[in-house]
Amino acid sequence: MLRDEAARRLEELRRLIRHHDYRYYVLNDPEISDEAYDALMRELLALEAAFPDLVTPDSPSQRVGGRPAEGFAPVRHTVPMLSLGNVFSEQEVREFDQRVRASLGVDQVDYVCELKIDGLSISLQFVDGAYVRAATRGDGETGEDVTATVRTIRSIPLRLLGDPPRRVEVRGEIFMPLSAFEHLNRQRAAQGEPLFANARNAAAGAVRQLNPEVTASRRLDAFFYQIADAGGEDPATHHQALELLRSWGLKINPHSRLCRGVEEVLEYCREWTGRRGELDYMVDGVVIKVDDLAAQRRLGYTSRTPRWAVAYKFPAQRAETRVRDIWVSVGRTGQLTPIAELEPVMLAGTLVKRASLHNEDIVREKDVRIGDRVVVQKAGDIIPEVVEVITSARTGAERPFTMPERCPVCGAEVVRLQGEAAARCTNTTGCPAQVREQIRHFASRESMDIEGLGPAVIEALLEAGLIRDAADLYTLKPEQLVDLERMGEKSAANLVEAIAASKDRPLRRLIRALGIRHVGDRTAEILASHFRSLDRLAEADPETLTALPEVGPKIAASVHAYFRQPQVQDFLRRLKAAGVRTSDPEDHGAPAQGPLAGLTVVITGTLQGYTRAEAEAAVQAAGGRATSSVSRRTDFVVAGENPGSKLDRARELGIPVLDEETFNRILRGEAAPPGRPG
Ligand code: IVH
């Protein structure tokens, strides 16, 4: 085919595909079959392969495969991205309306009510109609450049329709549909990977991905609700702005409504409080906006939020169901947790099957019995709770729960110490449930970070008798693993390699991994930076321990008692014999504490605010170690402009890469330093 002819056909194909993308992803109303669409796409790809110099960045072929963002460069927003004030009752909505009317000096105001999508806010720039940049909200002034990942979202046009101004900036919300979220979590559960707590976290994780292919596989979607900058060609009202967004091919939420006066606003709030469960995405309230944009400008802003809009937050979602049974789960420290097995019920977009009852006292206090009808509530994340029992629905057949006297898993004695809410199985080293949870904790991302060693694999290893505790992991050979279910030669070799890699973790991670009671991240860090070796920690008496900052008598007693147990001593001997590092290199005058205590950091590329030496000094001042080459020991890499091969190496090893802004936040103590991705 001739070049000219190819160019014409390419243009035609792109126009067609864009049109069908819009019909399918934005309007949910496709005009052609999937096969016909695929044929167009194949033809486009073939032609572009034949004429690579005719590929344009806004071609539908360019959704994935754009260069990953270099550690998410900071983007300063031309117009700050503000948040909204919240109100929680009808009374407060009326007060908002009164304030607005008083300021404007009118009797009634037109508002647009919109659903408040629980996703992450995004700002997009289009120049000459072409998608050029996407940025997260960040702190409102500066966000992160997520152009490459957001480009993969199919409902976001790479080229605007109609006749948009030369430069436009639009704002909206990226979210993961609940159906996609559940699918993702089912997949992760099957692979033994940690679950996302909710659709918003899953969406945020997908957007802040260095690899756009991962984002593309996550089925994200977006609604737009604001034109931040239309190059002066502003519409007169918010509802016209929404229409304009729609005419450019951007997806707007179909449930927005123009409400004349506060009574219609309240009607909308009531309606959606009841209907939010119908949606395939999470909404956490209603955004109420003054429709007239000139009036918005007159109302202006307080220091942080607009005076012309407010978010009405829905009350926590509740549902009624029945307790089929109450059983007891055994945790890592032997703690017995009563769990209510529920008749499955839809709540906040997920099917709820069980609820934690926390402990014996809470069961008694709430008087939850087997067979009871109960009200369950979702407190934000995955684990729902029983808020009340509908005692009026009792038939007399309900059975009260009693904590078993013997561990339901191993049959050992259960004790409840004075002053403690938890009952515990006393068989610390022999109870299969405790052992499984201990190994899980040992291998977890925040502890020894053994990639590929999820709950399913641990279960299989225990069942096959290949391990009895975490120290046995270091004796495993690939040939022993290949016969396990879902384990091929490649994954067996990878797992053995991942286990070997964990031998070299910093001491604080090893201490955390031991799962000593009352020793979490923070305490592990303090102990590691003070003792610098496990042997020295093991010898410490309670007085020495309590002398440390933030270590009280309870922690000291627990640590001291832990190392006195013969099984523990044997366990630690075997870890050492396997080559697990049990001490940190002596420090070079670095302070033992700070936000980066115990962490090894590599700086690469040019930073805006520091020379290389200044950045390394800042790491040291924060308790960390700055090294010049990336290895498995590196905890994270900070990448500036032109980062070079260290960045590639970090990606290869799966070490987190941060931008300067995040690094600054960590130094200021506003964000936690990352663990390695699991
Ligand atoms: S308007 C000046 N409309 O809620 C503020 N925000 O706390 C303009 N959000 O950061 C925001 N749905 O991420 C607006 N229909 C909607 C929204 C919405 C969700 C989020 C947005 C914002 C936060 C406000």
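What's counted below: heavy atoms across the whole structure, side chains too, no hydrogens, waters or symmetry copies. For ligands, and for the atoms within them, numbers begin at 1 and follow the listed sequence. In this chain, numbering begins with 1 at the start of the sequence shown.
A cation-pi arrangement, defined by a distance under 6.0 Å to the six-membered ring centre and an angle within 45 degrees of its axis, is present between Arg275 and Trp272.
Between Pro306 and ligand 1, no N or O atom pair is found at a separation short of 3.5 Å. Close N/O approach between Gln226 and ligand 1 is not found [any backbone or side-chain N/O within under 3.5 Å]. Taking distance alone, with nitrogen or oxygen atoms compared against 3.5 Å, Glu173 approaches ligand 1 more closely than that limit. Here's the thing with Leu115: one of its N/O atoms is less than 3.5 angstrom from an N/O atom of ligand 1.
Shortest contact from atom 14 (C) of ligand 1 to any protein heavy atom: Tyr225 CE1, 3.3 Å. Nearest protein heavy-atom neighbour of atom 12 (N) of ligand 1: Ile117 N, 3.1 Å. Scanning all protein heavy atoms for the shortest distance to atom 15 (N) of ligand 1 gives Glu114 OE1, 2.7 Å. Counting protein heavy atoms only, atom 7 (O) of ligand 1 is closest to Leu84 N, 3.0 Å. Atom 10 (O) of ligand 1 has its closest protein heavy atom at Ser121 OG, 3.6 Å. Among protein heavy atoms, the minimum distance from atom 3 (N) of ligand 1 is reached at Lys289 NZ, 3.0 Å.
For Arg167, the salt bridge (Lys or Arg N to Asp or Glu O under 4.0 Å) test picks out no residue, with sequence neighbours left out. Remark: Val75 pairs with Arg133, Ala135, Asp145 by the side chain to side chain contact (heavy atoms under 4.5 Å, CB included) rule, at least two apart or across chains.
Within the 4.0 Å heavy-atom cutoff, Val283 does not count among the residues contacting ligand 1. For Met81, the heavy-atom gap to ligand 1 stays at 4.0 angstrom or more.
Summarising the local packing, CZ of Arg270 is surrounded by more than 12 heavy atoms from other residues, nucleotides or ligands at distances under 6.0 Å. Residue Asp107 places its CG atom among 12 or fewer non-hydrogen atoms of other residues, nucleotides or ligands, all under 6.0 Å distant.
Side-chain contact check for Glu31 and His19: at least one donor-acceptor pair (N or O, by modelled atom type) lies under 3.5 Å.
Partner of Met176 under the side-chain contact (heavy atoms from CB on, under 4.5 Å) criterion, out of Leu184, Asp280, Asp221: Leu184 alone.
Annotation: Tyr281 is in aromatic contact with Phe223 [ring centroid separation under 6.0 Å].
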